[in-house]
Amino acid sequence: MKRLIACMVALLSLSGCTAAQPVSNKIKIGVTVYDSYDTFISELMDNFDADMTNYSNITLQKYDASKTQSQQNKQVEKMIEDGCNVICVNLVDRTAPKKIIDLAKASDVPIIFFNRELVAEDLQQWSGLYYIGANAEESGVMEGKIAADAWKASAASDKNSDGIIQYVVMEGEAGHQDAIVRTEKSVNTLIDSGLQVDKLASPIANWNKSQAQTRMASLITQYRDSVEMVLCNNDDMALGVIDAYRAAGLSREQWPIIVGIDGTKPGLEAVASGEMAGTVYNNKEGQASAMADLAVALASKESTSSLNLEDGRYIRLAYEPITSSNVSEYIDQK
Ligand code: GAL
Ligand code: CA
């Protein structure tokens with residue numbers, strides 16, 4: 001039984017919203033996310049909704065694709081039928097954008113893909129296609145650097161004193177650009193920092209806290225306290241790893257170095273408390289506001305030149321490393 005498609009139509013009116021910028025004509029913006037239960041995506045969308053209140057005359061039509069590409073295709077079809085002027089798509093399957101591209105092209109409705117990056121050739125299929133996200137490579141390098149610094153800062157990190165890091169990578173999602181690249185770059189950065197590494201396991205936990213907890217719990221049964229580092233492709237999985245150590249009753253000294261990526265609210269708190277050695281800020285505020293600005297410009301057929309699109313199609317926000325030394329700035333800012 002398919003989940004009922006939840007459709008929320010929000011009319012953002014000028015009343016009670018004094019700073020709202022009127023857009024020339026009434027416009028309608030559609031959004032579909034791969035999974036509204038994903039922490040980072042839901043924080044990004046909260047920012048996007050807040051950004052939209054800066055404009056008047058805009059109607060939003062939003063859907064959750066519930067991890068089903070065929071459902072997302074139908075949502076895009078419906079948004080086109082309903083007269084959306086531009087549609088923001090967080091693809092379920094980044095290798096399967098064809099149907100959506102064909103629909104958009106046939107009806108001349110621009111699409112802004114975000115967060116789940118389709119291959120460059122697909123984005124070149126039509127001039128009305130855009131991508132907003134970040135450079136995955138950068139996040140992996142920053143995560144590896146944070147992990148290397150944490151390792152070097154304490155001799156106790158090398159629990160078995162063999163001079164080698166016995167590590168686990170908690171992987172996001174099979175085939176996702178961020179999972180593939182973050183895993184590769186974080187480990188390579190450790191090696192490039194002159195460290196020796198020994199991979200114990202690299203389970204997939206689909207960006208999800210409870211799946212990561214389950215995966216880590218079985219590794220704790222196998223390795224007890226001998227895991228020395230857990231590189232997580234995102235914060236939610238790092239938090240699941242922490243839950244597993246806590247549930248196993250291991251003392252903080254027995255925990256490995258745990259690093260995440262995203263800088264979500266709970267992720268920042270775990271860095272502040274020292275449970276995570278650090279995280280990498282995935283600029284959801286920047287991505288959301290770039291998406292809002294681009295969507296409004298495209299829907300109102302205004303120039304996008306002030307948005308500095310790379311190759312006329314891409315906007316990528318920079319990542320930022322976060323450790324105990326600067327985490328308070330991020331907590332204060334949120
Ligand atoms: C990543 C983010 C993850 C997850 C994923 C979904 O960029 O770090 O937490 O949200 O996107 O595609
Ligand atoms: Ca060791």
Side-chain angles (χ1 to χ4, degrees), residues 32-47 64-65 67 69 72 88-95 113-118 131-140 142-143 147 151-152 154-168 170-183 185-186 190 195-200 204-209 211-212 223 225-240 256-257 259-268 279-284 286-288 316-320 322:
T32 165
V33 298
Y34 91 104
D35 174 18
S36 64
Y37 292 99
D38 179 296
T39 305
F40 173 75
I41 295 298
S42 75
E43 290 190 0
L44 191 154
M45 288 316 300
D46 288 347
N47 280 286
D64 177 3
K67 298 191 181 169
Q69 188 58 59
Q72 186 166 59
C88 305
V89 178
N90 178 218
L91 276 171
V92 174
D93 179 351
R94 71 185 193 95
T95 66
F113 292 101
F114 66 102
N115 168 262
R116 298 164 72 88
E117 186 168 355
L118 54 174
Y131 178 74
I132 295 182
N135 177 354
E137 179 168 336
E138 196 177 80
S139 58
M142 287 178 183
E143 180 174 40
W151 174 267
K152 289 175 184 169
S154 162
S157 309
D158 189 9
K159 296 177 183 177
N160 63 354
S161 307
D162 67 348
I164 302 170
I165 309 173
Q166 276 73 36
Y167 76 97
V168 167
M170 200 55 74
E171 297 215 35
E173 192 182 334
H176 191 301
Q177 85 282 352
D178 286 339
I180 299 164
V181 177
R182 288 172 182 174
T183 297
K185 292 293 164 185
S186 58
L190 289 175
L195 298 169
Q196 277 183 274
V197 298
D198 172 17
K199 180 167 87 180
L200 301 180
I204 290 180
N206 294 304
W207 308 115
N208 181 278
K209 184 172 162 182
Q211 287 187 36
Y223 294 106
D225 63 349
S226 56
V227 178
E228 297 173 339
M229 183 180 286
V230 187
L231 298 165
C232 303
N233 282 173
N234 79 341
D235 283 355
D236 260 15
M237 296 189 295
L239 295 165
I257 291 167
V259 193
I261 292 179
D262 275 344
T264 58
K265 289 188 189 84
L268 293 174
T279 185
V280 177
Y281 181 57
N282 191 358
N283 190 345
K284 56 186 177 292
Q287 291 170 44
R316 294 184 200 275
L317 278 289
Y319 283 103
E320 297 161 29
I322 304 178

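Note that the structure is predicted; figures quoted are calculated from it, not measured. Atoms within a ligand are numbered from 1 in the order they appear, just like the ligands themselves. Computation of the quantities below employed the complete heavy-atom set of this structure, encompassing side-chain atoms and omitting hydrogens, waters and symmetry-equivalent molecules.
In terms of protein heavy atoms, atom 10 (O) of ligand 1 is closest to D38 OD1, 2.8 Å. When only non-hydrogen protein atoms are considered, atom 5 (C) of ligand 1 lies nearest to W207 CE2, 3.7 Å.
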Chi angles and distances behind the side-chain hydrogen bond (donor to acceptor under 3.5 Å, both in side chains) call for D262, T279: CA-CA 7 Å; D262 275 344; T279 185; over 6 Å; no
Walk me through whether N47 and Q287 qualify under side-chain hydrogen bond (donor to acceptor under 3.5 Å, both in side chains). CA-CA 9 Å; N47 280 286; Q287 291 170 44; over 6 Å; no
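Around the Ca ion (ligand 2), the protein atoms of type N, O or S found under 3.0 Å away are D158 OD1, N160 OD1, D162 OD1, I164 O, Q166 OE1, E228 OE1, E228 OE2, listed by chain and number.
Using a cut-off of 4.0 Å between Lys/Arg side-chain N and Asp/Glu carboxylate O, R316 and E117 are scored as salt-bridged.
Note that the CD atom of E173 and the CG atom of D93 stand 9.0 Å from one another [nearest 0.5 Å]. Annotation: the span from K152 atom NZ to S157 atom OG amounts to 12.0 Å, rounded to 0.5 Å.
Donor-acceptor pairing under 3.5 Å is recorded for the side chains of D162 and N160.
Distances from atom 11 (O) of ligand 1 to the heavy atoms of N282, N115, D236 show the closest one on N115. Of the candidates D178, D262, N234, N233, D178 brings a heavy atom nearest to atom 1 (C) of ligand 1.
In the vicinity of F40, heavy-atom distances shorter than 4.0 Å reach the ligand 1 atoms 2 (C), 9 (O), 10 (O).
Heavy atoms of E173 come nearer than 4.0 angstrom to ligand 1 in no pair at all. Residue-ligand proximity: R182 is placed with a non-hydrogen atom under 4.0 Å from ligand 1.
Checked against a 3.5 angstrom limit, the closest N/O atoms of H176 and ligand 1 fall inside it.
Nearest heavy atoms, A136 versus Q177: CB-O, 4.2 Å.
Every residue two or more places apart in sequence or in another chain that forms a side chain to side chain contact (heavy atoms under 4.5 Å, CB included) with D38 is listed here: Y34, D35, F40, I41, W207.
A heavy-atom distance below 4.5 Å is not found between the side chains of D178 and R116.
By the 6.0 Å contact criterion, NZ on K199 is open, its count of non-hydrogen atoms from other residues, nucleotides or ligands being 12 or less.
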